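I have placed the structure first, in the form of structure tokens, so that the comments after it can refer back to it.
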Amino acid sequence: IDSSGRGRPGSPINGTASSPNARVGFRSGSFEGVDDYVELSQFSELAGQAFSVGLWFNSRQDTPAGLISTYDPAGSYFSLELNSDGTLAATGQVAFVVNDGVSGVRSAVSPLANLNNGAWHHVVGVRGQGYIHLYVDGARVASTRIGAAYGTLTPAAPRVGRMGTSTNGNFAGFVDE
């Protein structure tokens with residue numbers, strides 16, 4: 001799942017498959033939306049204040065799902081989510097969500113409501129300089145001020161195709177890097 005050269009290969013869990021339906025290169029990850037996902041190695045960059053995370057996805061799913069997430073109900077996390085506004089279902093929308101475990105959940109939510117249309121979309125979440133930003137298909141679509149004092153996130157192993165450590169929020173569709 002990683003061709004970046006940064007040494008972050010993923011471990012497929014519960015039958016995650018490779019598919020020729022790719023946006024970049026020759027293969028993508030195929031997720032059935034029941035229990036499969038890919039676990040990546042821990043991101044130490046989360047211990048800092050600034051980071052970005054992004055991917056390509058293609059889905060017709062209409063229930064909330066994690067695209068890439070370190071969600072942990074007992075701690076801090078980040079999450080790129082489909083069909084969610086960070087707390088509630090929001091069909092066709094994507095959200096970049098952070099929680100420092102102290103100040104609470106903050107979300108940048110796309111106003112676009114048709115991103116589960118079966119086409120490829122590129123999403124990027126950025127945290128830096130007291131803000132979180134969400135980019136969809138190359139355009140910044142949402143920004144939320146979190147403040148300079150907003151805490152750091154605990155380094156964690158992101159899961160692609162699942163809402164972090166939760167057994168809910170599995171993704172159905174394709175993911176490419």
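Each residue takes its place number in the sequence, starting with 1. For clarity, every value in this text was computed on a predicted model and none was experimentally measured.
- The CD atom of E177 sits 13.0 Å away from atom CZ of R23, with the distance rounded to the nearest 0.5 Å.
- Rounding to the nearest 0.5 angstrom, the gap separating the OG atom in S79 from the CZ atom in R159 is 12.0 Å.
- Side-chain atoms of R27 come within 3.5 Å of backbone N or O of S18 as a donor-acceptor pair.
- Y77 meets the ring-ring contact (aromatic ring centres under 6.0 Å, His included) test with Y71; sequence neighbours excluded.
- Annotation for I13: hydrophobic cluster partners, listed by chain and number, are Y37 (ILVMFWY side-chain heavy atoms under 4.5 Å, direct or chained).
- In this structure, R127 is not positioned above the aromatic face of F51 in the sense of NZ or CZ being under 6.0 Å from the six-membered ring centre and within 45° of the axis.
- Every residue two or more places apart in sequence or in another chain was checked for a side-chain hydrogen bond (donor to acceptor under 3.5 Å, both in side chains) with S166, and none qualifies.
- Pairs of residues two or more places apart, or lying in two chains, never qualify as salt bridge (Lys or Arg N to Asp or Glu O under 4.0 Å) while including a residue from residues 57-77.
- Minimum heavy-atom separation, D36 to F31: OD2-CA, 3.4 Å.
- In the hydrophobic cluster analysis, where Ile, Leu, Val, Met, Phe, Trp and Tyr join through side-chain heavy atoms closer than 4.5 angstrom, L153 is grouped together with L40.
- A donor-acceptor pair under 3.5 Å is absent between the side-chain atoms of N99 and the main chain of S76, judged by distance alone.
- Between the CZ atom of F171 and the OG1 atom of T63 there is a distance of 10.5 Å, given to the nearest 0.5 Å.
- Residues L67 and V136 fall within the same hydrophobic cluster, defined by Ile, Leu, Val, Met, Phe, Trp and Tyr side chains chained together at heavy-atom separations under 4.5 Å.
- In plain terms, the two heavy atoms of A157 and E39 that are nearest each other are CB-CG, 4.2 Å.
- With D100 contributing its side chain and T152 its backbone, the two residues share no donor-acceptor pair below 3.5 Å.
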Derivation of the side-chain contact (heavy atoms from CB on, under 4.5 Å) call for N83 and Q93: CA-CA 5 Å; N83 299 318; Q93 292 180 280; over 6 Å; no
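- In terms of hydrophobic clustering, with Ile, Leu, Val, Met, Phe, Trp and Tyr side chains grouped at heavy-atom distances under 4.5 Å, V160 and V53 are assigned to a common cluster.
- When all heavy atoms of L134 and V94 are compared, the closest pair comes out as CD2-O, 3.5 Å.
- In this structure, the side chain of S69 engages the main chain of G164 through a donor-acceptor pair within 3.5 Å.
- For W56, the ring-ring contact (aromatic ring centres under 6.0 Å, His included) test picks out H122, with sequence neighbours left out.
- Summarising the geometry, atom CG belonging to L55 is positioned 11.5 Å from atom OG belonging to S28; distances are rounded to the nearest 0.5 Å.
- The side-chain hydrogen bond (donor to acceptor under 3.5 Å, both in side chains) pairs that include a residue from residues 132-141 are H121-D137, H133-S143, where partners are two or more places apart or lie in different chains.
- To the nearest 0.5 angstrom, R162 atom CZ is 10.0 Å from T16 atom OG1.
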Pair S30-E32, side-chain hydrogen bond (donor to acceptor under 3.5 Å, both in side chains): steps then yes or no: CA-CA 7 Å; S30 176; E32 42 54 342; over 6 Å; no
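- L80 and I146 fall within a single hydrophobic cluster, where Ile, Leu, Val, Met, Phe, Trp and Tyr side chains are chained together by heavy-atom contacts under 4.5 Å.
- Put simply, V123 and V38 are part of the same group of oily side chains (I, L, V, M, F, W, Y) that touch within less than 4.5 Å, one to the next.
- Scanning all heavy atoms of the two residues, the minimum distance from N21 to N58 falls at ND2-ND2, 4.2 Å.
- Under the 3.5 Å distance criterion, the side-chain polar atoms of Y131 are left unmatched by any main-chain donor or acceptor of G147.
- Classification of the F78-F96 ring pair by plane angle, with boundaries at 30° and 60°, yields tilted.
- Shortest non-hydrogen contact noted between D85 and S107 is O-OG, 3.3 Å.
- If you take CD on Q61 and CG on L82, they are separated by 6.0 Å, rounding to the nearest 0.5 Å.
- A distance-only check finds a donor-acceptor pair linking the side chain of N14 to the backbone of D35 [under 3.5 Å].
- Nearest heavy atoms, S52 versus V124: CB-CG1, 4.4 Å.
- The closest side-chain heavy-atom distance from F174 to S19 is below 4.5 Å.
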